[in-house]
Amino acid sequence: MLGLSLPTFLISIIFLLKQIGASELTFELPDNAKECFHEKLKVGSKFTLEYQVVTGGNYDVDLELKSPSEKILYKETKKQYDQIEKTVEEDGVYVFCFSNEFSTITHKVIYIDWKVDGDPEHEISGPGPKVAAGALTMIESNVARIHENLEQAIDYQTHHRLREATGRARAEDLRERVQIWSLGQFILIIIVAIGTVLLLRSFFTDRRTGSSMAWNR
Amino acid sequence: MYTQFKILLIICFLQLIPVSHTLYFHISETERKCFIEEMPDDTLVIGKYKVELFDEKTNGYLPSTPGIGMHVEVKDPDDKIVLSKLYTNEGRFTFTSHTPGEHVICLYSNSTAWFGGQKLRVHLDIDIGEHAIDYERVGAQEKLTELQLRVRQLLDQVEQITKEQNYQRYREERFRATSESTNSRVLWWSLAQLIVLVIAGFWQMRHLKGFFEAKKLV
């Protein structure tokens with residue numbers, strides 16, 4: 001232990017002590033489907049779940065978050081965006097389920113950001129206890145503040161990107177629909193014009209039996 | 001010095017052991033699960049997964065099952081396959097995006113069943129861009145102090161923000177192009193429909209006039 005340099009010691013302590021994870025996923029939820037995610041958590045850790053519906057229908061989804069003892073910690077229907085922060089009170093597997101069962105035709109694309117206590121590979125030693133005595137120097141605390149602000153900026157950027165993706169998907173869908181419906185109407189106009197003339201002609205065409213005579217009477 | 005090296009080796013070895021506490025979900029053997037990741041170009045993506053098979057005897061999931069492999073297929077925004085490999089029940093895949101846009105990462109097992117099949121538990125962790133950088137390894141490799149490591153992290157984050165902003169500009173351009181295309185389509189189709197209606201009207205009148213004249217009804 002004595003031969004170790006400080007960084008190695010710090011890193012090894014942090015790595016061995018913390019059990020952490022972070023996941024950012026975007027997936028498609030088909031209509032009438034339910035998608036569940038699980039994670040095993042320990043008492044004392046904190047988790048944050050952020051979700052946003054990116055495309056699909058009315059941009060809403062149901063979410064249910066259950067603790068290991070089947071207690072419902074969060075249950076909301078038809079929401080587009082929300083952020084849930086909770087402290088773990090029981091050891092075990094926590095599960096959250098997204099449900100699109102209320103929709104019969106539209107499938108939704110959902111973005112989730114699941115963070116548990118930070119990320120060991122991403123965070124360099126957190127604001128935890130320092131082996132060196134004394135408070136953080138000014139540079140270190142400023143650097144930590146900048147890091148937090150940048151994390152916030154990246155988070156805002158992600159949400160901005162998702163909202164833009166929503167708008168763009170709508171615009172592209174509109175473009176396709178305009179094309180298809182306009183083409184359909186165009187063809188329909190031609191068919192109806194020709195059809196009307198043919199129908200009218202058929203009224204006045206002589207048939208072998210006395211239908212024309214019936215007209216003349 | 002040697003003990004330090006040994007400790008680092010042990011840490012590296014521990015890193016190789018997959019983190020058992022990641023998000024997981026259940027799929028059936030024949031199901032294909034896809035995740036969409038929108039990212040700017042030149043972004044590194046590292047994905048780690050672990051598959052467990054449901055065992056009826058213990059009513060749980062076996063930690064490691066030989067024979068179950070997972071296909072990982074990554075498609076870029078132009079629907080070209082960037083990565084398509086078969087890994088064992090535990091794998092780590094990496095790729096760098098060359099085109100900005102939506103990449104689709106699909107996982108499916110190499111099961112030969114036609115449908116249904118057993119349930120699988122898949123632990124998955126996808127890290128994109130600056131999340132994919134392992135600072136402990138960087139610090140160990142380049143022997144940086146903690147402050148230097150933190151500054152390096154700030155640099156990476158700022159670079160990520162810049163790339164994302166650039167990507168945002170590219171997306172807005174596409175959005176604008178789409179809107180302008182819709183605008184011109186509406187204009188031209190409306191014009192075309194108007195002309196067709198007028199022509200159809202004239203044609204109908206002329207044709208019927210000729211028809212009735214021929215029939216000596218007019």
Side-chain angles (χ1 to χ4, degrees), chain A residues 3-5 7-8 10-12 15-16 19 21-28 35-41 109 114 116 119-122 124-125 139-140 143-144 146-147 150-151 153-154 157 160-161 164-165 167-168 171-172 174-175 178-179 182-183 185-186 189-190 193 196-197 200-201 204, chain B residues 1 3-4 7-8 11 14 19 21-26 33-38 124-126 128 131 134-136 139-140 144-147 149-151 153-154 157-158 160-161 164-165 168 171-172 174-175 178-179 181-182 185-186 189 192-193 196-197 200 203-204 207-208 211-212 215 217:
Chain A
L4 282 177
S5 66
T8 321
L10 279 171
I11 289 167
S12 46
F15 179 75
L16 294 168
Q19 274 185 3
S23 304
E24 215 178 55
L25 294 168
T26 312
F27 62 94
E28 196 173 304
E35 203 68 57
C36 291
F37 294 92
H38 318 247
E39 181 156 351
K40 197 164 172 189
L41 296 171
V109 173
W114 167 260
V116 183
D119 190 342
E121 291 165 358
H122 183 58
I124 306 164
S125 64
I139 291 185
E140 282 168 352
V143 162
I146 294 176
H147 173 62
L150 288 179
E151 290 262 273
I154 290 176
Q157 265 192 335
H160 181 83
R161 169 169 58 86
E164 192 270 344
R168 190 165 29 97
E172 282 172 2
L174 187 68
R175 181 167 165 260
V178 159
Q179 182 85 323
S182 302
L183 189 65
Q185 277 185 333
F186 190 87
I189 289 173
I190 295 173
T196 311
V197 163
L200 216 57
R201 276 169 68 123
F204 293 93
Chain B
M1 189 62 207
T3 22
Q4 200 167 313
I7 301 266
L8 279 174
I11 292 170
L14 285 171
V19 184
H21 298 280
T22 40
L23 211 58
Y24 64 84
F25 51 91
H26 299 126
K33 197 85 173 79
C34 291
F35 294 95
I36 305 159
E37 301 293 345
E38 197 175 352
L124 184 65
D125 190 18
I126 301 178
I128 305 175
H131 286 280
D134 185 359
Y135 286 101
E136 280 159 21
L144 301 172
T145 66
E146 196 201 314
L147 190 62
L149 204 57
R150 278 184 170 275
V151 170
Q153 188 183 33
L154 290 180
Q157 279 187 305
V158 168
Q160 165 96 353
I161 289 175
E164 188 86 29
Q165 297 252 18
Q168 160 79 353
R171 281 197 315 271
E172 296 242 44
R174 262 187 57 192
F175 195 160
T178 303
S179 302
S181 164
T182 306
R185 277 183 188 187
V186 163
W189 276 112
Q193 284 177 350
V196 153
L197 264 174
W203 174 80
Q204 279 185 327
H207 186 95
L208 286 172
F211 176 70
F212 287 139
K215 287 260 170 213
L217 288 167

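By convention in this document, chain letters (A, B, ...) are assigned in the order of the sequence lines, proteins followed by strands, and residues within each chain are numbered from 1. Every value quoted in this text rests on a predicted model; they were computed, and no experiment measured them.
Rounding to the nearest 0.5 Å gives a distance of 4.0 Å between NE2 of A:His147 and CD of B:Gln153. Atoms NZ and CD, on B:Lys33 and A:Glu28 in that order, are 9.5 Å from each other to the nearest 0.5 Å. Put simply, CZ on B:Arg185 and CZ on A:Arg175 are 4.0 Å apart, with the number rounded to the nearest 0.5 Å. The CZ atom of B:Arg150 lies 11.0 Å from the CD1 atom of A:Ile146; values are rounded to the nearest 0.5 Å. Residue B:Phe25 holds its CZ atom at 13.0 Å from CD of A:Glu39, rounded to the nearest 0.5 Å. We find the CD1-CG distance between B:Ile161 and A:Leu150 to be 4.5 Å, quoted to the nearest 0.5 Å.
No hydrogens or angles considered: nothing links the side chains of B:His131 and A:Glu24 as a donor-acceptor pair under 3.5 Å.
A:Thr196 is linked by a side chain to side chain donor-acceptor pair (under 3.5 Å) to nothing, counting only residues two or more places apart in sequence or in another chain. Residues meeting the side chain to side chain contact (heavy atoms under 4.5 Å, CB included) test with A:Phe186, sequence neighbours left out: A:Ile190, B:Trp189, B:Ala192, B:Gln193, B:Val196.
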Intermediate values then yes/no, side chain to side chain contact (heavy atoms under 4.5 Å, CB included), B:Gln168 and A:Gln157:
CA-CA 9 Å; B:Gln168 160 79 353; A:Gln157 265 192 335; over 6 Å; no
Take A:Ile154 and B:Gln160, measure what side chain to side chain contact (heavy atoms under 4.5 Å, CB included) needs, and give me the verdict at the end.
CA-CA 8 Å; A:Ile154 290 176; B:Gln160 165 96 353; 4.2 Å; yes
Stepwise, does the side chain to side chain contact (heavy atoms under 4.5 Å, CB included) test hold for A:Glu140 with B:Glu146?
CA-CA 9 Å; A:Glu140 282 168 352; B:Glu146 196 201 314; 5.5 Å; no
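The pair B:Arg174-A:Glu172 meets the salt-bridge criterion, since a charged nitrogen lies less than 4.0 angstrom from a carboxylate oxygen.
Contact of B:Leu147 with chain A is made through the side chain alone, with heavy-atom distances under 4.5 Å. For B:Phe35, the parts sitting under 4.5 Å from any heavy atom of chain A are the backbone and the side chain alike.
Using cut-offs of 30° and 60° on the angle between ring planes, the pair B:Tyr24 and A:His38 is parallel.
Taking both residues in full, the closest heavy atoms of A:Ala171 and B:Thr182 are given as O-OG1, 4.2 Å, listed atom of the first, atom of the second, then distance. Summarising the geometry of B:Phe175 relative to A:Glu164, their closest heavy-atom pair is CD1-OE2, 3.9 Å, with the distance given to 0.1 Å.
Among B:Ile128, B:Thr178, B:Leu124, the residue with the largest count of heavy-atom pairs under 4.5 Å with chain A is B:Thr178. The choice from B:Glu38, B:His26, B:Glu37 that makes the most heavy-atom pairs within less than 4.5 Å of chain A is B:Glu38.
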